[in-house]
Every structure is written in C-alpha cells, then in structure tokens.
2 protein chains.
Amino acid sequence: MQPGSTRELAHPDAADFVLTDVLFALSDPARLEITRRLAEGPLEVAACQPTGGDIPKSTLSHHLKTLREAGVVRNDPHGRQRYVSLRRDDLEQRFPGLLAAVLRAAPTGE
Amino acid sequence: MQPGSTRELAHPDAADFVLTDVLFALSDPARLEITRRLAEGPLEVAACQPTGGDIPKSTLSHHLKTLREAGVVRNDPHGRQRYVSLRRDDLEQRFPGLLAAVLRAAPTGE
DNA sequence: CCAACAGTTCTAAGATTCTCGAACCATTGA
DNA sequence: TCAATGGTTCGAGAATCTTAGAACTGTTGG
C-alpha cells in the first residue's frame, strides 16, 4: 500500500496550457462556480457540487475533466476519494493575472 | 443623410456583460486572434480577417456577432463599411484586468 | 439612377459539447 | 474477503456551435 499510490490522472504541464482551452473551461457557469469554490481551498469531488447537490456524478466528473485537461484544476487520489485543487501557481505563471481577474469579477446582477 | 446614420447593431451595456459569455467569446482561436488584432486599434470588418484572408464573410460576421453580443467588441457603421473596435474601457470597468491578462498571454509554443 | 461594395442575416449540414444512466474500478471498513 | 463507497469512463440522445453559400440591405461612385 504505497501512499498516494494508483489511479493518477493526467495533468498537462503549465508550459503546455492553451489559453483558449482555459477560457473555454471557465466559460461554463457550472465550471466557473466550481472554480470559484476551489479558490477557497481544495475539495473532494463530491463537495465541488455547484448548486445544492443535484447534478449527477458523471456530469460533475465530466466538468472536472474539462477543467483538469485545460490545466485549471488538479485531481489527486486520496484514499478512496480525490482531492480537487486549483492550479493557482501554474496558471499564474503561464497566464499572469488571468485567474485573479476571473475570480475578482463580480456576478452580473451587481 | 445623417452622419453615422442607420444600420446600428445592438450592443449590451457594460453593466450587463456576463463573464461566461465574454470568456466563451474569447475561447475560440479565430475570435481571440481578431481580438488581439483589434488591440492595435479599430479595423473595418474585412481587415479583421485572422489568417491571410480566406474565411468567408458570413463566418467572419458571425464571429464578430459573438464578440459583439458578449461585449468584447463594438461594431459601428461608417459609410458603406463598418468599424470594429475593442470595448477596452467597458471591459476594464466591468471585469478589471481580464482583457489585459488575455492580451498579455503568450501563445503556447513559447 | 444603377451597379458595385461592405456586411449582415438566413438556412442548413456537420462537428462539438452537454447531460446522464449504466458499467466499471480502486480503496477501505466490517 | 466482501460489500459499500467515491469516482471515472463509456455510450447515446439532445442541444449548441461552427462553417459557409445564398439571398438581402444600406451606401456610394459614376
């Protein structure tokens, strides 16, 4: 039983992040909300649930995949669950100021 | 013949800009390139042509519409042509730092 | 006036994306 | 060891986006 052993998912290197992919990943309301939530700190997958908690696991997992493949998020196995975390530093290094600007943005109705 | 008369297109107010819409508009390579080009200054529609100049008018027009409806771009009639310009100030006011971060971003291969 | 021009809008086909149930896979508690 | 848990992956239908030709509109030069 190696610590933090198997079931690793693929994560792109910061140098390979593609701007349009990041923008696309963040352009979905559900994914944006997940991102905002993760700005507070890492969460297990189930806790990423955007509103209340009614979207199916597979859908949530798919959104996380989109975020992960763009480089917005990291998804690491942790026991029988997984920790999802924002790749703040990598994003900042690759696209300075971008994530900060997105997180700072006020929602539309004030 | 009023100066700058007819054929006005609809433009959303800065206060009504929606973040996900802006991000989505910028998440397409062609639209991002148009945006970058416009950062240098206003252009007539035909001059927005991303690469060389082989994409059809209707496609270009459609991309400009997406950018315009998100609030990224302004499209004003000017004689028989139109001037397309970046809504820098409105975007900066609504989403501080966002456009700057996007324009500053380096392309993927270095 | 009329033809050429600059662009938009309409329409339709093809490609992506979204959503979600079902099947599947490690990991761990009992 | 075995079943429950936490999530991912697969597959398919619905929805949305992209692309582009064709038709249409306002504007201007001759």
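Within every chain, numbering begins at 1; the chains are lettered A, B, ... in the order of the sequence lines, protein sequences first and strands thereafter.
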Nearest-Å distance for atom pair [atom1]/[atom2], residues [X] and [N]:
X: A/Glu69; N: C/dT16; atom1: CD; atom2: P; answer: 15 Å
X: A/Arg7; N: C/dC24; atom1: CZ; atom2: P; answer: 16 Å
X: A/Leu64; N: D/dT8; atom1: CG; atom2: C1'; answer: 11 Å
X: A/Lys65; N: C/dC18; atom1: NZ; atom2: P; answer: 12 Å

Kindly give the atom pairs (protein nitrogen or oxygen, nucleotide nitrogen or oxygen) under 3.5 Å for nucleotides 16-20 of chain D.
residue : atom : partner : partner atom : Å
D/dT18  : OP1  : B/Arg31 : NH1          : 3.4
D/dT18  : OP1  : B/Arg31 : NH2          : 3.2
D/dT18  : OP2  : B/Arg31 : NH1          : 3.4
D/dT19  : OP2  : B/His63 : NE2          : 2.9
D/dA20  : N7   : B/Ser58 : OG           : 3.2
D/dA20  : N7   : B/Thr59 : OG1          : 3.4

Which residues pass the side chain to side chain contact (heavy atoms under 4.5 Å, CB included) test with B/Thr59, sequence neighbours left out?
B/Ile55, B/Pro56, B/His63
Between the OG atom in B/Ser85 and the CG atom in B/Leu38, the distance rounded to the nearest 0.5 Å is 7.5 Å
Any side-chain heavy-atom pair of [X] and [Y] under 4.5 Å:
X: A/Phe95; Y: A/Leu19; value: yes
X: A/Glu8; Y: A/Pro77; value: yes
X: B/Arg87; Y: B/Val72; value: no
X: A/Thr20; Y: B/Leu26; value: no
X: B/Arg74; Y: B/Leu9; value: no

Should the pair B/Glu92-B/Arg88 be classified as a salt bridge under the 4.0 Å nitrogen-to-oxygen rule?
no
Heavy atoms under 4.0 Å, any strand shown: does A/Leu9 hit a base, just sugar-phosphate, or nothing?
sugar-phosphate
Where protein sits on nucleotides 2-7 of chain D, one letter per nucleotide: B base, S sugar-phosphate only, - none, heavy atoms under 4.0 Å:
--BBBB
